[in-house]
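Report on the following structure.
Note that these values count all heavy atoms, side chains included, but never hydrogens, waters or copies made by symmetry. Letters A, B, ... mirror the listed sequences (proteins, then strands); counts begin at 1.
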Number of protein chains: 2
Amino acid sequence: MPRAGLSTTAVVDAALAVADEHGVDALTLAAVAQRTGVATPSLYKHVAGLGELRTLLGARVIGDMADHFTRTVLGRSGDDAVAALMHAYRDYVRQYPARYAAMPLDPLHDPALAAAGGKLLDVVLAALRAYGLAGSDAIHATRCLRAVAHGFSSLEAGGGFGLPEDLDQTYDQLVSTVIATLRPPPRPE
Amino acid sequence: MPRAGLSTTAVVDAALAVADEHGVDALTLAAVAQRTGVATPSLYKHVAGLGELRTLLGARVIGDMADHFTRTVLGRSGDDAVAALMHAYRDYVRQYPARYAAMPLDPLHDPALAAAGGKLLDVVLAALRAYGLAGSDAIHATRCLRAVAHGFSSLEAGGGFGLPEDLDQTYDQLVSTVIATLRPPPRPE
DNA sequence: GCCGCTGACTACTGCCATTAGCTTTTGGGC
DNA sequence: GCCCAAAAGCTAATGGCAGTAGTCAGCGGC
């Protein structure tokens with residue numbers, strides 16, 4: 001029997017492909033095994049189980065998003081950077097809805113997730129630099145951006161917007177709203 | 001063998017309790033059967049299967065939210081009504097995180113869900129009445145409110161906010177931001 | 001050329017959803 | 001009060017899945 005030459009990375013690659021093609025519910029060890037041309041129990045040589053595979057997949061997705069967004073923000077600043085970031089977020093979820101759904105929301109239960117999440121946070125904080133936000137203010141602002149981007153994108157990906165009104169328009173409205181609050185209030189002097 | 005006197009409603013009740021107590025992943029027919037004191041296959045006399053049970057559960061939750069929010073909005077209007085609605089949304093998700101996670105985002109694939117969803121939409125539209133928003137504008141505004149409430153609440157429930165900064169403050173900031181955009185722009189006369 | 005490590009396999013268990021077919025309770029018509 | 005049909009429950013069985021145990025074979029280091 002020829003050896004398949006698998007590795008943890010290859011298993012995660014296959015899992016990503018399965019999720020992208022058939023949805024997050026179809027992400028089973030059996031499906032990943034079939035795609036890699038291996039019997040199901042063989043996967044346990046590379047991954048501790050379905051739970052760990054999900055965690056690794058989540059870390060991969062967060063890292064991938066961080067890379068995307070880093071490229072997006074490069075060479076931009078201020079409103080331009082934040083708007084680009086928000087649209088990149090939505091675009092990513094539209095392009096890979098299943099992958100996004102596979103991403104755990106809480107990165108704290110695993111160091112690998114926390115590291116990838118930190119990278120993502122840094123990108124956002126860099127985009128906010130132009131506003132002079134620091135410390136807690138920057139955290140609150142980041143949370144607002146994330147809540148808006150995640151909320152809109154997950155609803156869109158989940159088919160939560162049934163009416164025919166233009167979604168681009170809704171999102172533009174939402175993005176400009178949240179950006180407006182980042183600017184310091186007009187100084188009354 | 002004494003008859004258990006089950007009904008579709010009772011099965012959904014039990015499913016709701018299972019989800020609330022043990023999380024949405026623990027919502028299995030086996031668990032619901034045990035809770036109702038019945039063998040698993042007996043449930044098929046009342047629901048078509050796990051899929052239908054999930055749909056019925058979703059409809060129940062949406063209806064429940066609509067009832068909650070209707071009571072919340074009664075006797076309020078304008079910014080007061082919208083702010084109360086937004087906080088009621090977050091409070092509901094905090095109180096019943098698993099139940100909320102069990103709610104499908106797209107109500108269109110089932111008539112019962114669509115009906116419950118329509119009721120929910122009506123409550124929001126009523127709260128927006130004071131702003132003079134009509135037609136598409138009202139739809140866009142509703143979507144913005146939903147994206148913000150859903151985004152923040154699902155992140156909070158999912159443990160997505162790891163840092164110690166006060167969440168109430170973030171949400172207040174977000175709510176007042178989104179409310180500000182509902183008001184007509186200051187007339188330049 | 002040999003040996004041990006590692007990756008892969010087969011066989012098995014247990015849980016779950018679902019189906020089929022049987023039994024018993026219940027309630028309505030007489 | 002009795003009978004019967006429908007409804008509600010049951011047991012048994014199937015197939016898919018995750019995960020475990022134990023076995024075998026290829027490959028690298030010597």
Inset, instruction - Please work out if B:Ala39 contacts a base, only the sugar-phosphate, or nothing of the nucleic acid, heavy-atom cut-off 4.0 Å. - result: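 Base: the residue B:Ala39, judged by heavy atoms under 4.0 Å, touches a nucleobase.
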
Whole-Å gap separating [atom2] ([N]) and [atom1] ([X]):
| X | N | atom1 | atom2 | value |
| --- | --- | --- | --- | --- |
| B:Leu43 | C:dC16 | CG | P | 13 Å |
| B:Gln34 | C:dC16 | CD | C1' | 13 Å |
| B:Glu52 | C:dA17 | CD | C1' | 15 Å |
| A:Leu29 | C:dG14 | CG | P | 20 Å |
| B:Lys45 | D:dG9 | NZ | C1' | 8 Å |
| A:Leu6 | D:dG26 | CG | C1' | 16 Å |

Inset, instruction - Please tell me which of the listed nucleotides, D:dC10, D:dG19, C:dA17, lies nearest to the side chain of B:Leu50? - result: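 The nucleotide sitting nearest to the side chain is C:dA17.
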
Legend entry - Side chain of B:Tyr44 - closest among D:dG9, C:dT10, C:dT19: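 Nearest nucleotide to the side chain: C:dT19.
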
Inset, instruction - Look at the side-chain N and O atoms of B:Ser42 and state whether any lies under 4.0 Å from the OP1 or OP2 oxygen of D:dA8. - result: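 For D:dA8, OP1/OP2 do not have a side-chain N/O of B:Ser42 under 4.0 Å.
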
Inset, instruction - Using only side-chain N and O atoms of B:His46, determine if any of them is under 4.0 Å from OP1 or OP2 of D:dA7. - result: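 No, outside the criterion.
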
Less than 4.0 angstrom from a charged side-chain N to a carboxylate O is my criterion; do [X] and [Y] meet it?
| X | Y | value |
| --- | --- | --- |
| B:Asp122 | B:Lys119 | no |
| B:Asp168 | B:Arg90 | yes |
| B:Glu21 | B:Arg35 | yes |

Inset, instruction - Can you establish whether the number of heavy atoms outside B:Glu52 located under 6.0 Å from its atom CD is more than 12? - result: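 Yes - once you tally the heavy atoms of other residues, nucleotides and ligands closer than 6.0 Å, there are more than 12.
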
